[in-house]
Enquirer: 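Structure incoming, see below.
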Amino acid sequence: MLWRSPSYLSSAATSLCLRRRSFYLDLISGASTLRHLDQILAHAILSGRHPDLVTTTKLLHRLADLGSPPTHLLRLFSSVPRPDLFLLNVLLRSLPPSSALLFLSSLRRAHPHLRPDSFTYAFAASATASLLSPAPGRALHARVIIDGFATDPFVGSALTDFYLNFSQVSAAEKVFDGVPDPDTVLWNTLISGLVQNCAFLRSLRVFKQMVMTGARFDSTTLAVVLPAAAELQELIVGMTVHCLGMKSGLAFHSHVVTGFISLYSKCGEIPAAKFLFEQIDEPDLIACNAMISGYSSNGLVGSSVDVFRELLAFRGRPNSSTMVGLIPVSSPFEHESLSRSIHSFAIKSGLYLNSPVSTAFTTVYCRLNDMEAARKVFDAMPEKSMASWNAMISGYAQNGLTEMAISLFREMQDLNVRPNQITVTSTLSACAQLGALTLGKWVHQIITQEDLELNVYVLTALIDMYAKCGSIMEARRIFDGMVEKNVVSWNAMILGYGLHGQGLEALKLFKEMLNARIAPTGVTFLSVLYACSHGGLVEEGRAAFWSMTCDHGIKPGPEHYACMVDLLGRAGQLKEALEFIETVPESAGPGVWGALLGACMKHKETSLARLASEKLFELEPENTSYYVLLSNIYSANRNYPEAAMVRQQDAKSRKLPKTPGCTLIEIRDEVHIFTSGDRSHPQSVLIYSMLDKLTGKMVEAGYRAETDVALYDVEEEEKEHMVKVHSEKLAIVFGLISTEPGSEIRIIKNLRVCLDCHAATKFISRITQRLIIVRDATRFHHFKDGACSCGDFW
DNA sequence: GTAGGGTTAG
């Protein structure tokens, strides 16, 4: 270096040197502080040399690098009598995004001789990518098109990046398509941005297209496409990329190797990941993190800790990602104490309580069903990431706290935090559990508005939501539109038909699935059995059960046995059901006996009911719902002393209050909830007078209230009321008076619909000529013209 | 102008 101290500048020799441009340039690039630069500039001017365009450009560059405020840069620029395009571009690149764009907008007035080129627009476009609003970027895009730069790969890349930063995937693709000869960087920008927007399928498609068109790919390309393959667990695609990498020699680039380690770990190929990791001479922090998380997520917590120790011993400090990878999210129960101790370590160190670490802990606590701890971690996060919102929402949905999940999603919308596929998938699951069709439709609308990629997860969640919220046709429409279906999608659709009592449709779809060579899983058979059971298809169900073990080698679990007992029991084959239980290899669980008890209920089989109840009391002494069932069976047979005794036992054992039966109906986006005998509704006078009129007409048509008949597992409080004012009847009547004649009525009951309401609804559907869809605790009933879709197999 | 690891889902 020419000089070390500012005092050196005062020497005459330096003055002479400064007259020569190259020395001057060297001095500028060597300056290490703003003060140095000031002194150089002052000296130059004193020595009679005014900086020319080249030196000013250099100076501007250096000033920006050393953190000079934007006002200084602008002042320097305006001191130049006739700035050229190069200087303008350097200025634009050096200014903070908003000042750069502001400056550009005044350019035409201030410097009419300067015609922006592709660099100008590229820098400007990349400035728009980091703003809070997309509006300036869109305006710039318009100018780019007018000025004819939309076909330039440099500009296109910056614009593509801009749109992807604002999650406008389609717009980004449009920009890309407008560039006839995309270069490697432009391809990479699109692929990487798609991955960041969770559009993994699209990114793989673009990569394929890139390779097919013969475009040159580089290590960045491979590094950005690998996470997409890993995320989708597309091992074959990943291995193809590996082959491409080997052939081109790019597979040994450190970023790419890390990508492979992560890919193989995520696909469960730990030996391959381990092999690659051990091939690296000196793995860096990121490679170690990939391996740590790979082991941990595959349940190999010991090996994960080994690599962590190695990292501490030889490669220095771990970072927050190391911690995230180390937490055994995949098996929290097994390593609960380890997770909690990592958490307290993280809190103590303070350094690690950033968003990804907190998100991992949120997840762990959700999995441990410790929702309060999870929420505490979530609330303590100053900056919430997409993943942290998703972790909390899915945690609520999976723990059945559906309202919490939905209200958190609402909060996100209110805060203008844009959801991604995972957010909507979790929220849809909550809507499905709740049976909230209007909410579900709203989420569907948001998916469309946000242009979220419709991947298998999202579409399957939509099928599930529509099916569980009563729109089986809409579910089927989405199912048919799916290009790529997997087992879960088929399962969701089959289960949907089962819920709606369309057993034959379910079986037809199951056959189609087998023809399409999709290997069924235990869940598939559970859905098929369920559909048979709710459609009264006993023989078909039996055949499916045997085919499961014989043809597909799937060992039936307790839930399959329970479903079979339910199937036989509903159809009145109680003896066969009991015989079937005796074939259960291990002792039958509560599910199996519960199913038998439910069947006894329907067929008023007191002695068998007693047997089943005794088994249940033995297996689950704390579960109170069986007492209700048994007592109802006795009262159905008019054996009131026994009924009273059971009820007394029940009262003794009961600790928690019962959930009262209630029915929900949505009218024009508003939710109305009715309980039995409810008079709290503002229109309750009208509702009751309508109900009276309707009951009159029903009686005329032959309806008799079945007050002394056993009510399913309805609760005591509800039973004490006249069945006439059951919550479902109130909700139906409210539906009748609040909607157009002829339109369908949908209600949701939290318990199983009672026999009397079931019969009454049939009459109502005929008298009013309405389709009434009732979702109860176990299935859907479509009442139409005096009949129910369940064919009374409910 | 693009760049590897970590969190979230049916």
Side-chain angles (χ1 to χ4, degrees), chain A residues 93 118-119 121-123 125-126 129 152-162 164 183-193 195-196 198 218-227 230-231 253-263 265 283-294 296-297 318-327 329 354-364 366 385-395 397-398 419-429 432 455-465 485-489 491-492 523:
Chain A
R93 192 150 53 154
S118 60
F119 284 93
Y121 282 122
F123 294 145
S126 69
D152 182 274
F154 208 131
V155 180
S157 170
L159 279 172
T160 305
D161 189 46
F162 153 74
L164 289 166
D183 63 1
T184 305
V185 174
L186 177 51
W187 283 102
N188 292 352
T189 306
L190 181 62
I191 295 171
S192 150
V195 172
Q196 272 155 28
C198 303
D218 59 8
S219 63
T220 302
T221 321
L222 302 191
V224 296
V225 79
L226 280 173
E231 202 58 49
H253 186 280
S254 71
H255 289 193
V256 180
V257 175
T258 310
F260 288 132
I261 293 174
S262 174
L263 165 86
S265 308
D284 62 6
L285 178 64
I286 294 174
C288 288
N289 288 350
M291 201 61 237
I292 288 172
S293 126
S296 198
S297 57
N319 65 5
S320 63
S321 300
T322 321
M323 307 308 290
V324 174
L326 200 58
I327 305 165
V329 180
N354 64 3
S355 166
V357 181
S358 296
T359 307
F361 285 118
T362 308
T363 312
V364 166
C366 286
S385 68
M386 186 88 270
S388 54
W389 285 100
N390 292 348
M392 202 63 233
I393 292 175
S394 79
Q398 277 169 1
N420 69 6
Q421 292 109 314
I422 300 174
T423 328
V424 295
T425 305
S426 306
T427 311
L428 284 173
S429 153
N455 66 14
V456 194
Y457 281 94
V458 175
L459 290 170
T460 306
L462 278 170
I463 291 174
D464 188 55
M465 183 277 290
K485 303 180 182 89
N486 66 13
V487 206
V488 188
S489 332
N491 291 353
V523 179

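Keep in mind that the numbers below use all heavy atoms, side chains included, and drop hydrogens, waters and symmetry copies. Residue numbers start from 1 in every chain, and the chains themselves are labelled A, B, ... in the order their sequence lines are given, proteins ahead of strands.
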Enquirer: Which of these, A/Val225, A/Leu222, A/Thr220, A/Asp183, sits in a side chain to side chain contact (heavy atoms under 4.5 Å, CB included) with A/Asn188?
Expert: A/Thr220
Enquirer: Which part of the nucleic acid, if any, lies within contact of A/Val257, taking any heavy atom under 4.0 Å across all strands shown: a base, the sugar-phosphate backbone alone, or nothing?
Expert: nothing
Enquirer: Is A/Ser262 near enough to B/dG6 that one of its side-chain N or O atoms lies under 4.0 angstrom from OP1 or OP2?
Expert: yes
Enquirer: Assign A/Thr258 to base, sugar-phosphate, or nothing according to its heavy-atom contacts below 4.0 angstrom with the strands shown.
Expert: base
Enquirer: So A/Ser254, base contact, sugar-phosphate only, or nothing? Heavy-atom distance under 4.0 Å.
Expert: base
Enquirer: Apply side chain to side chain contact (heavy atoms under 4.5 Å, CB included) to A/Val324 and list each qualifying residue two or more places apart in sequence or on a separate chain.
Expert: A/Pro356, A/Val357, A/Ala360
Enquirer: Could you work out, with salt bridge (charged side-chain N to carboxylate O under 4.0 Å, His left out) as the rule, every residue matching A/Asp464, not counting sequence neighbours?
Expert: A/Lys468
Enquirer: What I want to check is whether an N or O donor and acceptor connect the side chain of A/Asp284 with the base of B/dG4 at under 3.5 Å.
Expert: yes
Enquirer: Does any N or O donor sit under 3.5 Å from an N or O acceptor when you compare the side chain of A/Asp183 with the base of B/dG1?
Expert: yes
Enquirer: How many angstroms lie between CG in A/Asn289 and CG in A/Asp284, if you round to the nearest 0.5 Å?
Expert: 8.5 Å
Enquirer: Answer with base, sugar-phosphate or nothing: what part of the nucleic acid does A/Glu231 contact at a heavy-atom distance below 4.0 Å?
Expert: base
Enquirer: Atom OG1 of A/Thr221 and atom CG of A/Leu226: how far apart are they, to the nearest 0.5 Å?
Expert: 10.5 Å
Enquirer: Checking all strands, does A/Val256 fall into the base, sugar-phosphate, or nothing category for heavy-atom contacts under 4.0 angstrom?
Expert: nothing
Enquirer: Using a heavy-atom cut-off of under 4.0 Å over every strand shown, decide if A/Pro153 touches base, sugar-phosphate, or nothing.
Expert: base
Enquirer: Can you check the A/Met465 CE to B/dA9 C1' distance for me, whole Å?
Expert: 15 Å
Enquirer: Does the side chain of A/Gln398 get closer than 4.0 angstrom to OP1 or OP2 of B/dT8 through an N or O atom?
Expert: no
Enquirer: Tell me what A/Ile191 touches on the nucleic acid: a base, only sugar-phosphate, or nothing, going by heavy atoms under 4.0 Å.
Expert: nothing
Enquirer: Would you say a side-chain N or O of A/Ser293 is under 4.0 Å from OP1 or OP2 of B/dG5?
Expert: no
Enquirer: For A/Cys198 and A/Ala223, find the nucleotide of DNA chain B closest to each by heavy atoms; which residue's nucleotide sits nearer the 5' end?
Expert: A/Ala223
Enquirer: Report the nucleotide, chosen from B/dG5, B/dT2, B/dG4, that has the shortest atom-to-atom distance to any side-chain atom of A/Leu285.
Expert: B/dG5
Enquirer: By nearest atom, which of the nucleotides B/dT7, B/dA3, B/dT8 is closest to the A/Gln196 side chain?
Expert: B/dA3
